[in-house]
Structure formats: structure tokens, C-alpha cells
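Below is one structure, written out as C-alpha cells; the observations come after it.
We count ligands from 1, going down the list as the structure has it; atoms in each ligand are counted the same way.
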Amino acid sequence: MDLGIKGKVALVAAASKGLGKASALELAREGARVVIAARGEEDLMAAADEIRGATGAEVLPVRADVTALADIEALVRAAQDAFGDVDILVNNAGGPRPGTFTDMSDEDWLAALNLNLMSTVRLTRLVLQGMQQRGWGRIINLTSISVKQPLPNIILSNAARSAVVAMAKTLALQVAADGITVNNVCPGTILTDRVRSLVANTAQQQGITQEEALAAMQADIPAGRIGRPEELAALVAFLASDRAAYITGATIQVDGGVYRGLL
Ligand SMILES: NC(=O)c1ccc[n+]([C@@H]2O[C@H](COP(=O)([O-])OP(=O)(O)OC[C@H]3O[C@@H](n4cnc5c(N)ncnc54)[C@H](OP(=O)(O)O)[C@@H]3O)[C@@H](O)[C@H]2O)c1
């Protein structure tokens, strides 16, 4: 299937590793010119080389912390200077600190909203007008299955990501007639460095092997296995495509069947 995004400009935030990198790689495979951002220079350059090597696409790595407004502004400017206005925006960031309601101070709440909600608001704001002028745009927010089924012990993530979904749904309706779609993708458990370190920590805490910790994690997944980053990236690329022009305001899980609700 030709996704119809050859030559489009895609900006993927938090993309030196994991889900962001996999999404950038898939968009590059489809012929998009890709801007990737993250804080750590070394991984970012390595990711850019990897994506170029695998796809032959133009890739611009830009060092940026999505919690800093100045970095976000410089990131969008760099994308525009190199490739032109952004057609496809993939919002992504790290996760807020884990813990329960009573563990969290005002500062923790504000930091979580800054990390997950405000990074999405600010990046979207900077690219939206250009998309409206061109009558074409794709905004895809990487969130978590926790927006459909809140997970214990990560109250900040549950709340901040749900705010992203509410914002996205509202915006989707506002800009639908401008040829812009806004959707959310919700990973269940996908094997990235983040999940590998979670498995290692669990194994250490429980005095079991990493294989045993991984098996316990997989036992709760109807598909019987943890997902692969490219399985999430495939949905991101489809939502970014011309083919997905009529899908907007949707919140779609990629979770091997973990979410038990009907909708
Ligand atoms: N993997 C899963 O199963 C899963 C499930 C549900 C939700 N999620 C969420 O999905 C997101 C991505 O997860 P992942 O598994 O891909 O994690 P990962 O493998 O650890 O990759 C995270 C990426 O985000 C970048 N990053 C983190 N904080 C950033 C910031 N402030 N500014 C710019 N870049 C930043 C990291 O680079 P630098 O550190 O160098 O900046 C790295 O490139 C996270 O929010 C995670 O909580 C993941």
C-alpha cells in the first residue's frame, strides 16, 4: 500500500530510542523527510545514522528537551529551515516519575503536565497554522494504554496522558475541516530500552532472572508476548498517511489485547 507521504516533512519528538525512533524509521521508509529530537546527542546521532542507513531518507537530528519551550521553538525552526513546514508531527516524551497520589507534590504534578501535556500543546501550536494553510496535516500523540485503563502506581502518567487525549479530541474536531487529523496511539507493553530496564529492576527486586521477570510480564498479555516497536510504528505511519485522512479524534491501542474494555 502506498501511504502517499513521500517527501512530506515529519517531526518526531523523543526519537533517539524506542517508540519514537521506530516511528521515525517507519515514516522514513515511506519516503518522508524526518526530523528527530532527543536530549542525548550520542544516541540521537546514532539513531539518525541508523535511519539514513536503513532507508536512504533525509534525516535531521536536533538536540532538544521537550520540557523546555526554547528547545521546542528551536526544534521547529530547525525543521523548517532544513526541510520546510512540518506536515506530520509525532508528539512523544519520556514518562513522568512513578508513584501514588500521596507521593506527589505540586512540583511533581506540574513537571508531569509540562513533560507530557505542554510538550504536546507547544509543538502542536507551532506547526498547526502551517498545516491549516496547506490544508493537510497529521498530528499523532504517543500516549499509553493507561489512558484507557489507568495503571496502579503511575498516577502522574495516567492523568497527564489523559489530558493529552482530551486536548487532542477537542482539537481534532476544530481542525477536521482543514484536512488535519489528530489521533492518539496507546502502547501496551512494547520492548524498548525503557521496558528492558523495568524487567531488569523487577528481576533484581524479586530475586528472579530477567527471563522469569519477562515471562511474568507476558503472562498478562492475551497475545502471549511483548510487542515490538515496529508494530506500534506501523500504526503511526498509517495514521500519518494520506490513506488515513478520514480517521481523526481516535485513540487506538497497540497492546496485544491487554485492554479489556469494549471501545
Ligand atoms: N514501551 C512501552 O511499553 C510504553 C508503554 C506505555 C507508554 N510508553 C511511553 O512512551 C514513551 C516512549 O517510551 P519508550 O519505551 O520508547 O522509551 P525509551 O526507549 O526510553 O525512549 C525514550 C526516548 O525519549 C527521549 N526523551 C526522554 N525524555 C525526553 C525529553 N524531555 N525531551 C526529549 N526527548 C526525550 C529519550 O532520549 P533522551 O533521554 O536522550 O532525551 C529517548 O529517545 C514514554 O513516555 C513511555 O512512558 C511506553
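- In this structure a side-chain-to-backbone donor-acceptor pair under 3.5 Å is present from Arg33 to Gly7.
- The 12-atom threshold is not exceeded at CD of Gln204, counting heavy atoms of other residues, nucleotides or ligands nearer than 6.0 Å.
- For atom 26 (N) of ligand 1, the nearest protein heavy atom (residue, atom name, distance) is Ala14 CB, 3.8 Å.
- Atom 22 (C) of ligand 1 is never approached by the protein to below 4.0 angstrom, counting heavy atoms only.
- The closest approach between Val195 and ligand 1 falls below 4.0 Å for a heavy atom of the residue.
- Residue contacts with ligand 1, taken as heavy atom pairs separated by less than 4.0 Å, do not involve Cys186 at all.
- Side-chain contacts under 4.5 Å among hydrophobic residues (ILVMFWY), followed directly or transitively, place Leu110 with no other residue at all.
- Residue Arg122 forms a side-chain hydrogen bond (donor to acceptor under 3.5 Å, both in side chains) with just one option from Thr67, Asn91, Asn114, and that option is Asn114.
- With a 4.0 Å heavy-atom cut-off, ligand 1 is reached by the backbone of Ala64 but not by any atom from C-beta on.
- Using a 4.5 Å cut-off on side-chain heavy atoms (C-beta onward), Thr192 and Lys17 make no contact.
- The backbone and the side chain of Leu19 each have at least one atom closer than 4.0 Å to an atom of ligand 1 (non-hydrogen atoms only).
- Close approach of ligand 1 to Ser144 (heavy-atom distance below 4.0 Å) involves ligand atoms 6 (C), 7 (C).
- Considering backbone and side-chain atoms alike, Arg39 places an N or O below 3.5 Å from some N or O of ligand 1.
- At a 4.0 Å heavy-atom cut-off, ligand 1 touches Asn92 through the side chain alone.
- Closest approach of Ala48 to Pro61, counting heavy atoms only: CB-CG, 3.7 Å.
- Inclusion of Gly94 in the set of residues having an N or O under 3.5 Å from an N or O of ligand 1 is warranted.
- Side-chain N or O atoms of Asn183 include one that pairs as donor or acceptor with a backbone N or O of Gly249 at under 3.5 Å.
- For Arg196, no heavy-atom contact with ligand 1 is shorter than 4.0 Å.
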